[in-house]
There are 2 protein chains.
Amino acid sequence: MSLKHVILTLIHQAPSTGYEINKSFEQKIGYFWHASHQQVYQELAKLKKTEMLTCEHKPQTDKPDKKIYSITVKGRDELRKWLHQSLPEKKYKDILLVRLLSADLLPLDKLCEQIQKAAEFEQHRLDEFLHIQKQCYSDEQKKYLSALDKRLFINMRKGILLAEAELAWAKEALETLQN
Amino acid sequence: MSLKHVILTLIHQAPSTGYEINKSFEQKIGYFWHASHQQVYQELAKLKKTEMLTCEHKPQTDKPDKKIYSITVKGRDELRKWLHQSLPEKKYKDILLVRLLSADLLPLDKLCEQIQKAAEFEQHRLDEFLHIQKQCYSDEQKKYLSALDKRLFINMRKGILLAEAELAWAKEALETLQN
DNA sequence: CCTAGCATGTAAGCCGTTACATGATTGG
DNA sequence: CCAATCATGTAACGGCTTACATGCTAGG
């Protein structure tokens with residue numbers, strides 16, 4: 001229900017192509033919203049058909065042609081409406097926690113391996129965030145953030161706090177399981 | 001892809017009815033895996049058709065009839081196979097963080113309200129977990145946990161750690177936004 | 001009397017994944 | 001020469017949501 005609005009948000013910030021939007025999902029946006037490139041192109045087509053976006057075809061000679069999407073008044077209205085709606089309830093899905101329940105079919109060492117691997121993934125994530133924090137948000141820089149940069153900073157902080165919590169949990173879990 | 005396995009896990013622990021499984025999703029399982037009752041009934045039908053489950057019809061006089069599902073050898077094999085597969089990558093979806101990006105269309109006070117409300121929701125979740133922790137896992141009780149209870153304890157701890165991280169983030173976010 | 005609990009589903013439609021598809025240019 | 005980057009999609013299928021549907025009993 002919301003990929004639509006994520007895309008509208010991105011194009012509201014600046015007109016862009018499907019390719020650029022996909023780049024965002026692979027990089028920074030991907031940290032808090034996942035989407036595949038196929039899904040993005042399908043959604044763009046839908047948003048064009050419902051007149052939330054307009055599309056300008058731009059031929060290129062050395063590279064494949066581009067389609068540059070811009071948001072319409074109708075699209076901006078839709079986005080504004082959505083932003084003011086209250087948040088739907090979160091739908092938790094954590095496979096590792098499900099696996100923990102299947103006690104006797106998954107041996108302890110295999111389970112610990114999986115937790116370990118998940119922890120490594122989170123550590124990697126955390127390192128990336130910490131790197132960004134160091135690069136872009138020194139104490140000095142933090143004093144002069146624009147409204148948008150401030151909000152980006154807050155997003156990154158959530159990435160850090162959640163990754164840290166995941167890591168703390170993994171450590172604790174392994175200790176409890178192996179004692 | 002995994003509701004199937006969540007249900008198999010539950011029925012592997014003990015034969016049950018669709019109604020009971022739905023109760024689990026509304027209560028403890030719901031903390032880390034969401035599913036609607038329609039989805040559960042549909043999945044049960046599918047699992048029966050593919051011979052992962054058998055079904056015993058049990059008429060009742062004072063209440064509606066029941067269908068008691070049990071796991072088959074094939075079902076257990078499928079579950080075991082799934083448990084040994086490596087975890088798929090997590091797909092993050094956090095609407096609040098998307099809304100933070102749409103700077104100029106959502107006024108600061110509205111945004112803060114939404115963060116506040118999300119924080120209250122997390123606080124409620126945390127309180128529930130802390131209540132369970134107090135009831136079921138005193139220091140004394142923790143010494144004598146069965147293998148399964150230990151794993152349940154670990155699950156609850158994740159609920160606590162993540163809820164705390166969400167709360168810490170919300171507090172920090174509100175401060176940053178309002179300074 | 002009305003609500004909550006017990007107990008089960010079907011149908012339509014949208015959302016998301018997986019597989020398939022093309023083809024030029026640039027840099028190592 | 002090979003891989004990566006640029007740039008776009010279609011088709012089939014499966015997962016999940018939303019709306020609709022039924023009907024009895026016990027308790028306040």
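Chain letters run A, B, ... following the sequence lines, proteins first and then strands; every chain starts at 1. No experiment lies behind these values; they were computed from the predicted model shown.
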Which ones in residues 39-51 of chain B lie close to DNA chain C, meaning a heavy atom under 4.0 Å from one of its atoms?
-> Tyr41(B), Gln42(B)

Does any N or O in the side chain of Glu175(A) come within less than 3.5 Å of the main-chain N or O of Glu172(A), such that one atom is a donor and the other an acceptor?
-> no

Write down the distance between NZ (Lys66(A)) and C1' (dA24(C)), rounded to a whole number of angstrom.
-> 15 Å

Compare side-chain N and O positions of Lys23(A) against OP1 and OP2 of dC6(D) and report whether any pair is under 4.0 Å apart.
-> yes

With a non-hydrogen cut-off below 4.0 angstrom, is Tyr69(A) in contact with a base, only sugar-phosphate, or nothing?
-> sugar-phosphate

NZ or CZ of Arg157(A) within 45° of Tyr137(A) ring axis and under 6.0 Å = no

Within residues 74-90 of chain A, find the residues that approach DNA chain D with a heavy atom at under 4.0 Å, and present them sorted by residue number.
-> none

Taking 4.0 angstrom as the limit, do Glu164(B) and Arg125(B) come out as a salt bridge?
-> no

Is a side-chain donor-acceptor pair under 3.5 Å present for Gln123(B) with Asp127(B)?
-> yes

Go through dT10(C), dG16(C), dT17(C) for me and flag the one nearest to the Gln38(B) side chain.
-> dT10(C)

Under 3.5 Å, is there a donor-acceptor pair between the Tyr31(B) and Glu128(B) side chains?
-> yes

Any side-chain donor-acceptor pair under 3.5 Å between Glu26(A) and His37(A)?
-> no

With the side chain defined as heavy atoms from C-beta on, Lys93(B) is closest, among dA7(D), dG9(D), dG16(C), to dG16(C)

Is Lys91(B) near enough to dT17(C) that one of its side-chain N or O atoms lies under 4.0 angstrom from OP1 or OP2?
-> yes

With a 4.0 Å cut-off, would you call Lys58(B) and Asp65(B) a salt bridge?
-> no

Can you tell me if Gln141(A) uses its side chain to pair, donor with acceptor, with the backbone of Ser138(A) under 3.5 Å?
-> yes

Counting primed atoms, P, OP1 and OP2 as sugar-phosphate and everything else as base, the B/S/- map of nucleotides 21-27 of chain D against protein heavy atoms under 4.0 Å is --B-S--

Tyr19(A) side chain, from C-beta outward: closest of dT5(D), dC16(D), dG9(D) | dT5(D)

Contact nearer the 5' end of DNA chain C, comparing Asn22(B) with Lys4(A) = Asn22(B)

Flag the pair Asp77(B) and Lys74(B) as a salt bridge only when some basic side-chain nitrogen lies within less than 4.0 angstrom of an acidic carboxylate oxygen.
-> no

Using distance alone, with no hydrogens and no angle criterion, decide if Glu89(A) and His34(B) have a side-chain donor and acceptor under 3.5 Å apart.
-> no

Within the distance-only criterion (no hydrogens, no angle test), does the side chain of Ser102(A) pair as donor or acceptor with the backbone N or O of Leu105(A) below 3.5 angstrom?
-> no

